[in-house]
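Values below: every heavy atom of this structure, side chains too, minus hydrogens, waters and symmetry copies.
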Amino acid sequence: MGIIDRFFGRESRELMALDISSTRVKLLALSGEPGRYQIEAYASENLPAGAIADNQVAEPELVGQAVTRAVQRSGTRLRQAAVAVSGSAVISKIIDMPATLSEDEIEQQIGFEADQYIPYPIEEVSLDFQVLGPNEQDPDMNRVLLAACRRDTVEMRLAALESAGVQVRVVDVEGYALQNACQLLAPQMPDEGMGRTVAVVDVGANNTVMNVLHDMETVYAREQAFGGRQLVDDIQRHYGLESADEALAKLRAGELDKDFLETTLPMFADQIAQQIDRSLQFFFSASTQHDSVDRVLLTGGTALVPDIDKLVEHTLDIPVAIGNPLAGMRASNAARRNRVEAEAPALMVATGLALRAFH
């Protein structure tokens, strides 16, 4: 590994994605080539309460058992994986370094100087970097992204997957995986995103991540502690259900009564719209070039709620649609049986991780 402990890893063609969220493990494997991807395997498994706490693996054995079930149900023969850590667990900083430095020289210099950027003892973190390109104000300098994560955060994920017989080849950051998957949403944007400003809002169980793209380049990103778990809790209370899994199953089966659909669900959609509007206002205030967006694409598990895009659009007064990173891809029979098409909007992180096998 050298001085830098690369927790991002490097690409491998034989790679499956394992998205370990707060409530589920999602497995996805793609084949093909850019522009002609195919879905080879998909499966998802619920995680028991307490397996994940504060976006960290708290019970590696329980997570490993869920991964084992997902691998078995998917039918994949792959045993090498890409996983991601939560953005809240990662410290990132863009620094300028001489453009004449080779990658080995950058690695060595960052390894020696990292303690001035990282507020943890250097022996307790995993480090990696990526050269972003020349500094527009000073072409003699390169912009370099430095990322650091506490080593125990990474090691708990590795331990969970190793207990399932899976070798981790790539450890990414959820936010970067989301940005990677955004490229596949271009056909769902006005003018395929060129000359347009589009907000991709991924609403998970507990967190919402917004990426604003202009000309298909991310120009703003923000994470908020808000998610669909609130709606699941409302369903659980309304119907007197014992578990969140029962509430989620009722939601996905379309078994909510008229009273709930006409009262509680619109209130929840209003809250999503308010969160999006608040994030957009932060974006507009931070930007000198943008004061509007052309479309909002909703993704994440909450995007599976029936008519949620229409309800959010009604409040937000901006065109809203459901984003599907797997749109147009052919899928194996096993993946179709596991409902990959129905759950595709919730697979942004998994898709971004799966793309690490190709570039």
Side-chain angles (χ1 to χ4, degrees), residues 21-24 49 52 54-55 86-88 174-175 178 182 185 188 197-213 220-241 243-286 291-324 343 345-349:
S21 69
S22 58
T23 58
R24 296 176 74 79
I52 303 292
D54 297 325
N55 296 320
S86 168
S88 61
E174 288 179 359
L178 281 169
C182 282
L185 299 178
Q188 299 156 52
T197 306
V198 177
V200 179
V201 183
D202 193 81
V203 187
N206 297 305
N207 293 298
T208 296
V209 180
M210 171 186 284
N211 283 287
V212 181
L213 289 80
Y220 181 78
R222 187 167 189 262
E223 183 173 344
Q224 295 171 272
F226 172 85
R229 183 56 188 259
Q230 182 173 325
L231 178 63
V232 173
D233 290 343
D234 288 339
I235 295 171
Q236 199 172 336
R237 284 193 297 269
H238 183 82
Y239 291 96
L241 302 175
S243 72
D245 289 343
E246 290 178 285
L248 190 58
K250 198 171 190 68
L251 170 64
R252 292 186 173 181
E255 297 175 350
L256 304 178
D257 59 47
K258 183 178 179 182
D259 178 61
F260 189 93
L261 292 173
E262 292 181 351
T263 56
T264 306
L265 185 56
M267 290 172 59
F268 175 70
D270 284 347
Q271 291 178 307
I272 294 177
Q274 291 168 14
Q275 296 292 330
I276 294 173
D277 183 66
R278 184 176 295 115
S279 290
L280 287 176
Q281 295 309 315
F282 277 110
F283 165 58
F284 298 146
S285 65
D291 58 8
S292 65
V293 297
D294 297 295
R295 179 171 296 178
V296 171
L297 292 178
L298 281 181
T299 64
T302 303
L304 305 179
V305 175
D307 295 325
I308 193 67
D309 53 335
K310 298 181 179 65
L311 292 169
V312 172
E313 181 177 306
H314 178 74
T315 300
L316 199 58
D317 201 27
I318 298 172
V320 178
I322 302 299
N324 178 358
E343 299 190 11
L347 301 180
M348 284 288 287
V349 171

What's the verdict on side-chain contact (heavy atoms from CB on, under 4.5 Å) for I308 and I322, showing C-alpha distance, side-chain angles and the deciding distance? CA-CA 9 Å; I308 193 67; I322 302 299; 4.0 Å; yes

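Atoms CG and CG, on N211 and L297 in that order, are 11.5 Å from each other to the nearest 0.5 Å. Here the CG atom belonging to N206 is positioned 9.5 Å from the CG atom belonging to D54, to the nearest 0.5 angstrom. Here the OH-CG distance, from Y220 to L213, works out to 13.5 Å after rounding to the nearest 0.5 Å. Residue R229 holds its CZ atom at 7.0 Å from CD of Q236, rounded to the nearest 0.5 Å. One distance of note links CG of L241 with NZ of K250; it measures 6.5 Å at 0.5 Å rounding. Distance check, rounded to the nearest 0.5 Å: CE of M210 to CD of Q275 gives 9.5 Å.
Of all non-hydrogen atoms in V232 and A244, the two that sit nearest each other are CG1-O, 3.6 Å. Heavy atoms only, all atoms of each residue included: R295 and Q188 are closest at NH1-O, 2.9 Å.
The shortest side-chain heavy-atom distance between L185 and V200 falls under the 4.5 Å cut-off. At least one side-chain heavy atom of P306 sits less than 4.5 Å from a side-chain heavy atom of L251. Under the 4.5 Å side-chain criterion, counting only non-hydrogen atoms from C-beta, P345 is not in contact with L298.
Side chain of D294 to backbone of T197: a donor-acceptor contact under 3.5 angstrom is found. Without hydrogens or angle criteria, S285 side chain to F282 main chain gives a donor-acceptor distance under 3.5 Å. Put simply, the side chain of T302 gets close to the backbone of V203: a donor and an acceptor are under 3.5 Å apart.
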Show me the donor-acceptor pairs within less than 3.5 Å that the side chains of residues 256-268 make with the rest of the protein, sequence neighbours left out.
| unit_1 | atom_1 | unit_2 | atom_2 | d |
| --- | --- | --- | --- | --- |
| D257 | OD1 | D259 | N | 3.2 |
| D257 | OD1 | F260 | N | 2.8 |
| D257 | OD2 | H238 | NE2 | 3.2 |
| D257 | OD2 | Y239 | OH | 3.1 |
| T263 | OG1 | D259 | O | 2.5 |

Donor-acceptor pairs under 3.5 Å, side chain of residues 311-321 to any protein atom, not counting sequence neighbours: which ones?
| unit_1 | atom_1 | unit_2 | atom_2 | d |
| --- | --- | --- | --- | --- |
| E313 | OE1 | V320 | N | 2.9 |
| T315 | OG1 | D270 | OD1 | 2.4 |

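Between D233 and R237 there is no salt bridge, since no side-chain N of the basic residue sits under 4.0 Å from a carboxylate O of the acidic one.
Pairs passing the salt bridge (Lys or Arg N to Asp or Glu O under 4.0 Å) check and including a residue from residues 296-309, sequence neighbours excluded, read D307-K310.
Using modelled atom types, one finds a donor on one side chain and an acceptor on the other under 3.5 Å when comparing D202 with T299.
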